[in-house]
**Student:** 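I'd like to ask some things about the structure below.
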Amino acid sequence: AEYMGYAATREVRKALVFSSELDNVLSASSYLVQEDSLLYSPDPTKKGAKRAVLLFTDALLITEKRKKKGAVEYIVETSALVRDLVLREVPPSEAAKNSFALVSTRTMQPMFLRCASD
């Protein structure tokens, strides 16, 4: 977990890059709760790529964190409202170690995540 608070929320929100404004699920009151580095993949059998996962009070964003001219950018790959997310168990035969799936009930799109440290 990197940082939290109003200042961090402002900084992270300024650094977000969405491919479309329609992908921006954040509300005016979205507050950054935690930033963590996790491995993300749309396929449970793949190890996944290291991503910055941003948890806000009402939304979850999976981003590629890039440094650009000394500043940080978060390129948003996928996002979902927290109220739409359901935690799903991944069958051990399909899963990489320590992985779990979050599924959006709105899109039915699974997000397979695992700890980046192992």
Side-chain angles (χ1 to χ4, degrees):
E2 283 205 12
Y3 53 139
M4 298 175 283
Y6 290 108
T9 298
R10 258 193 325 277
E11 288 303 308
V12 167
R13 287 179 79 124
K14 280 195 283 186
L16 291 171
V17 178
F18 294 94
S19 57
S20 159
E21 267 311 304
L22 296 173
D23 296 336
N24 187 350
V25 295
L26 297 176
S27 68
S29 60
S30 295
Y31 180 81
L32 182 66
V33 176
Q34 186 168 341
E35 175 188 340
D36 252 320
S37 184
L38 296 173
L39 296 174
Y40 161 72
S41 173
D43 178 346
T45 61
K46 303 272 191 293
K47 181 180 175 187
K50 193 171 184 178
R51 293 294 180 251
V53 177
L54 304 172
L55 177 62
F56 287 82
T57 47
D58 56 358
L60 180 84
L61 307 180
I62 296 178
T63 69
E64 182 181 351
K65 187 176 182 178
R66 294 183 189 161
K67 293 235 189 287
K68 186 176 178 183
K69 296 179 185 162
V72 172
E73 273 188 340
Y74 296 94
I75 313 302
V76 179
E77 292 184 7
T78 188
S79 60
L81 292 171
V82 169
R83 69 172 183 247
D84 294 336
L85 291 174
V86 179
L87 184 63
R88 287 279 193 302
E89 205 172 335
V90 181
S93 59
E94 296 177 17
K97 192 170 94 177
N98 295 332
S99 66
F100 61 95
L102 290 173
V103 180
S104 168
T105 57
R106 187 175 302 244
T107 64
M108 299 314 289
Q109 180 70 39
M111 295 176 261
F112 297 98
L113 300 164
R114 63 189 282 263
C115 295
S117 58
D118 53 293

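Quick caveat, the model's predicted, so the values are computed rather than measured.
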**Student:** Which is it for L16 and L54 under the side chain to side chain contact (heavy atoms under 4.5 Å, CB included) test, yes or no, and what are the steps along the way?
**Tutor:** CA-CA 10 Å; L16 291 171; L54 304 172; 3.8 Å; yes
**Student:** Between A52 and E35, which heavy-atom pair has the shortest distance, and what is it?
**Tutor:** CB-OE2, 4.0 Å
**Student:** Atom OG1 in T57, atom CG in L60: separation rounded to 0.5 Å?
**Tutor:** 12.0 Å
**Student:** Please check if M111 and M108 belong to a single hydrophobic cluster, counting links between Ile, Leu, Val, Met, Phe, Trp and Tyr side chain heavy atoms closer than 4.5 Å.
**Tutor:** no
**Student:** Taking side-chain contact (heavy atoms from CB on, under 4.5 Å) as the definition, give me every residue that meets it alongside E64, ordered by chain and number, with sequence neighbours left out.
**Tutor:** R51, R66, I75, E77
**Student:** The criterion is side-chain hydrogen bond (donor to acceptor under 3.5 Å, both in side chains); which residues satisfy it with R106, sequence neighbours excluded?
**Tutor:** D84
**Student:** Over all heavy atoms of both residues, which pair between L26 and A59 is shortest? Give the atoms and the distance, please.
**Tutor:** CD2-CB, 3.7 Å
**Student:** With S27, which residues qualify under side-chain hydrogen bond (donor to acceptor under 3.5 Å, both in side chains), at least two apart?
**Tutor:** S29, S30, D58
**Student:** Is there a side chain to side chain contact (heavy atoms under 4.5 Å, CB included) between F56 and L61 once you walk through the steps?
**Tutor:** CA-CA 8 Å; F56 287 82; L61 307 180; 3.8 Å; yes
**Student:** Taking side-chain contact (heavy atoms from CB on, under 4.5 Å) as the test, write out the residues that go with S20, two or more places apart.
**Tutor:** L22, D23
**Student:** Mind checking side-chain contact (heavy atoms from CB on, under 4.5 Å) for V86 and listing every partner two or more places apart, or none if nothing turns up?
**Tutor:** R88, T105
**Student:** Going by the rule side-chain hydrogen bond (donor to acceptor under 3.5 Å, both in side chains), which residues pair with E73 if we only count those two or more places apart in sequence or in a different chain?
**Tutor:** none
**Student:** Write down the atom of A80, the atom of S104, and the distance for their closest heavy-atom approach.
**Tutor:** CB-CB, 4.5 Å
**Student:** Distance-only, no hydrogens or angles: does the T9 side chain make a donor-acceptor pair with backbone N or O of L32 under 3.5 Å?
**Tutor:** yes
**Student:** To the nearest 0.5 Å, what is the distance between CG (L102) and CG (L87)?
**Tutor:** 6.0 Å
**Student:** State yes or no: do V103 and V82 share one hydrophobic cluster built from I, L, V, M, F, W and Y residues joined by side-chain heavy-atom distances below 4.5 Å, directly or via other members?
**Tutor:** no
**Student:** Indicate if V72 and V76 have the same hydrophobic cluster label, given that clusters are the connected sets of ILVMFWY residues with side-chain heavy-atom separations under 4.5 angstrom.
**Tutor:** yes
**Student:** Among all residues two or more places apart in sequence or in another chain, which pass the side-chain hydrogen bond (donor to acceptor under 3.5 Å, both in side chains) test with R10?
**Tutor:** none
**Student:** Could you tell me whether the side chain of Y40 reaches within less than 4.5 Å of the side chain of V53, counting heavy atoms only?
**Tutor:** no
